[in-house]
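We count ligands from 1, going down the list as the structure has it; atoms in each ligand are counted the same way.
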Amino acid sequence: MPEDSTAIDYVMEKASGPHFSGLRLDGLLSSPSKSSVSSPSHFRLSNSSFSATDDPAAPHQPFVIGVTGGTASGKTTVCDMIIQQLHDHRIVLVNQDSFYRGLTSEELEHVQEYNFDHPDAFDTEQLLHCVDILKSGQPYQIPIYDFKTHQRKVDAFRQVNACDVIILEGILVFHDSRVRDLMNMKIFVDTDADVRLARRIRRDTVERGRDVDSVLEQYAKFVKPAFDDFVLPSKKYADVIIPRGGDNHVAVDLIVQHIHTKLGQHDLCKIYPNVFVIETTFQIRGMHTLIREKDISKHDFVFYSDRLIRLVVEHGLGHLPFTEKQVVTPTGSVYSGVDFCKKLCGVSVIRSGESMENALRACCKGIKIGKILIHRDGDNGMQLIYEKLPSDISERHVLLLDPVLGTGNSANQAIELLIQKGVPEAHIIFLNLISAPEGIHCVCKRFPKLKIVTSEIDQCLNEEFRVIPGLGEFGDRYFGTDE
Ligand SMILES: Nc1ncnc2c1ncn2[C@@H]1O[C@H](COP(=O)(O)OP(=O)(O)O)[C@@H](O)[C@H]1O
Ligand SMILES: Nc1ccn([C@@H]2O[C@H](COP(=O)(O)O)[C@@H](O)[C@H]2O)c(=O)n1
Ligand SMILES: [Mg+2]
């Protein structure tokens, strides 16, 4: 909607700007703000609030973030920003509003007298139950609340599934200690009361079917007193206070960074249980450092790539089924061991996948290796050009070889072909050195039963669909065609 410079909230937004001195991080950042003398820190990150994920005994507990603040302070806006920036994680937003009790017909007749800002207006037991269920890894059907009718929808729900991060947002989520105690991080969105009132007038008249008089009346009678009685006193529980809500990009970025750190680097493995990143060591990091350097010699690039490929191949082979086998040792004793899976083949995606064939041959004597060539036709349109696969491939486990997983489009095309040839999805292991998160999402969403084994997950793809930081065109560097 275009900004109307005469609208009351536009005037208030503009007026509020200079009154805030920005953010302060205790012990990390400080601003010469005048507020530092008289008020508590505007922005505080507390380490103690991350006990759930710090506890190694509870590695799969979702990280719970509570977001509160007065009405129209920008809670939902801040949550949306966090969700957008934490795109690598499975996140669910649970709004306290969804747990408003539906009004009885008698209450509806006197709706102007109903206090929607009092803790009793919410079914907090049900909210607690919802978070409990989500924390146990099960889905939950969240009610859908209608602010126009003051009722919940009778037979419609919003299903939310198990997740890594739960964001719990609402005016009174810090009020009840049982709800507060569920949270690993507590955020208070702190926006001037006059800005909030202006926003609320606009929102409630545009979206919630109210007229200006009723909004002002409700505000004076219930909203403001409840803010003073319940919301503002809960500010003391906050780990992070965000002045100016969604306008405060610096604060939101810092929060997101902090959550990223607390969740660890390979959360994609938690999202997709079939993604395996080989355990990192300084040797592995050292080899990655070498092959990623743009000026490394071709010889060294090949040497260290081969070493890494060998590790990925060995790790991938570890995911194959085996049968038990006993042998007699030269001492005459019996050793109870296992026998390798015999029905196996490799398939390399030409050309860079061919760089992985030698490592596979070195590990699996006489292994059959097929080939697939996919032509990149625009950004998404992949075209299969050539395939040569073992005729009995449907009976084999397949190690699909491609050193870099970028968008996932060509990988999906190759996997699709293998499935068409009768290979069960669960019999495919996709091996690569470097994966982009976008590629992992793309492949795992479409083929959840397939396994991916990689040695590092990179940050992202850039606008040209290249992996960042990545290592450039692997095939050109490996086969020396970039010179
Ligand atoms: N920084 C901002 N500048 C202008 N308008 C905003 C800003 N943040 C939120 N709004 C608007 O104010 C209203 C209330 O914001 P919202 O995020 O829904 O607040 P809350 O969830 O705290 O009630 C919404 O209509 C939203 O579009
Ligand atoms: N039927 C209802 C239910 C709630 N409200 C008001 O909503 C506010 C909470 O939502 P925010 O997005 O603003 O946090 C709260 O202040 C209630 O007054 C309502 O008006 N009608
Ligand atoms: Mg909201």
- Atoms of ligand 2 less than 4.0 Å from D117 heavy atoms? 15 (C), 16 (O), 17 (C), 18 (O)
- Task: Have a look at R202, R199, R244, R200 and point out the one with the heavy atom closest to atom 6 (C) of ligand 1.
- Result: R199
- Task: For R203, counting its heavy atoms only, list the atoms of ligand 2 lying under 4.0 Å from any of them.
- Result: 11 (P), 12 (O), 13 (O)
- Message: Please check whether R210 reaches ligand 2 - meaning an N/O of the residue sits under 3.5 Å from an N/O of the ligand, judged on distance alone.
- Response: yes
- List the steps and the verdict of side chain to side chain donor-acceptor pair (under 3.5 Å) for D146 and Q151. CA-CA 6 Å; D146 185 340; Q151 301 286 6; over 6 Å; no
- Message: Using modelled atom types and a 3.5 Å cut-off, is there a donor and acceptor pairing between side-chain atoms of R199 and backbone atoms of A72?
- Response: yes
- Task: Nearest heavy atom to atom 3 (C) of ligand 2 wins, so pick from F222, Y219, F116, F227.
- Result: F116
- Ring geometry between F116 and Y100 (parallel below 30°, tilted from 30 to 60°, perpendicular above 60°): perpendicular
- Message: Heavy-atom pairs closer than 4.0 Å: do any link ligand 1 to the side chain of E169, the backbone, both, or neither?
- Response: side chain
- Query: What do the steps show when you test S214 against E217 for side chain to side chain donor-acceptor pair (under 3.5 Å), and what is the final call?
  - Reply: CA-CA 5 Å; S214 77; E217 194 186 328; over 6 Å; no
- Task: Consider every N or O of R203 and every N or O of ligand 1, then say whether any pair is closer than 3.5 Å.
- Result: yes
- Item | Residues E425, K451: salt bridge by 4.0 Å N-O rule | no
- Task: Please find out if the Mg ion (ligand 3) and some N, O or S atom of T76 are separated by less than 2.8 Å.
- Result: yes
- Has the side chain of T68 got a donor or acceptor atom that lies under 3.5 Å from a matching backbone atom of G170? yes
- Item | Test of proximity, D247 against ligand 1: N or O pairs below 3.5 Å | yes
- Against heavy atoms of Q218, which atoms of ligand 2 measure under 4.0 Å? 18 (O), 19 (C), 20 (O)
- Query: Does ligand 1 have a heavy atom under 4.0 Å from the side chain of K75, from its backbone, from both, or from neither?
  - Reply: both
- Does D176 come within less than 4.0 Å of R178, counting only side-chain N to carboxylate O? yes
- Item | Trace of the side chain to side chain donor-acceptor pair (under 3.5 Å) decision for N432 with S435 | CA-CA 7 Å; N432 54 72; S435 298; 2.6 Å; yes
- Message: Does any N or O of ligand 1 fall below 3.5 Å from an N or O anywhere on G246, backbone included?
- Response: no
- Query: Among V206, T68, T77, T76, which one has a heavy atom closest to atom 21 (O) of ligand 1?
  - Reply: T76
- Message: Return the closest protein heavy atom for atom 7 (O) of ligand 2 as residue, atom name and distance.
- Response: R208 NH1, 3.1 Å
- Message: How far is atom 6 (C) of ligand 2 from the closest protein heavy atom, and which atom is that?
- Response: R200 NH2, 3.5 Å
- Query: Which atoms of ligand 1 sit under 4.0 Å from any heavy atom of A72?
  - Reply: 14 (C), 19 (O), 20 (P), 22 (O), 23 (O)
- Query: Backbone N or O of G70 within a donor-acceptor pair of the R196 side chain at under 3.5 Å?
  - Reply: no
- Query: Short list, please: which atoms of ligand 2 are under 4.0 Å from a heavy atom of A72?
  - Reply: 13 (O)
- Task: Go through the steps to decide whether D190 and S73 satisfy the test side chain to side chain donor-acceptor pair (under 3.5 Å), and finish with yes or no.
- Result: CA-CA 6 Å; D190 200 9; S73 55; over 6 Å; no
- Query: How are the rings of Y140 and H129 set to each other: parallel, tilted or perpendicular (split at 30° and 60°)?
  - Reply: perpendicular
- Message: For atom 13 (O) of ligand 2, what is the closest protein heavy atom, and at what distance to 0.1 Å?
- Response: T71 OG1, 2.6 Å
- Task: Cation-pi check, R180 to F174: give yes when NZ or CZ is under 6.0 Å from the six-membered ring centre and within 45° of the ring axis, no otherwise.
- Result: no
- Looking only at heavy atoms of Q96, does any of them come nearer than 4.0 Å to an atom of ligand 2? no
- Message: Under 6.0 Å from the ring centre and within 45 degrees of the ring axis: does the NZ or CZ of R152 meet both conditions for the six-membered ring of Y145?
- Response: no
- Message: Would G69 count as a contact residue for ligand 1, given that I'm defining contact as a non-hydrogen atom of the residue lying under 4.0 Å from a ligand atom?
- Response: no
- Return the residue, atom name and 0.1 Å-rounded distance of the protein heavy atom closest to atom 14 (O) of ligand 2. K75 NZ, 2.8 Å
- What about T76: any of its N or O atoms under 3.5 Å from an N or O on ligand 2? no
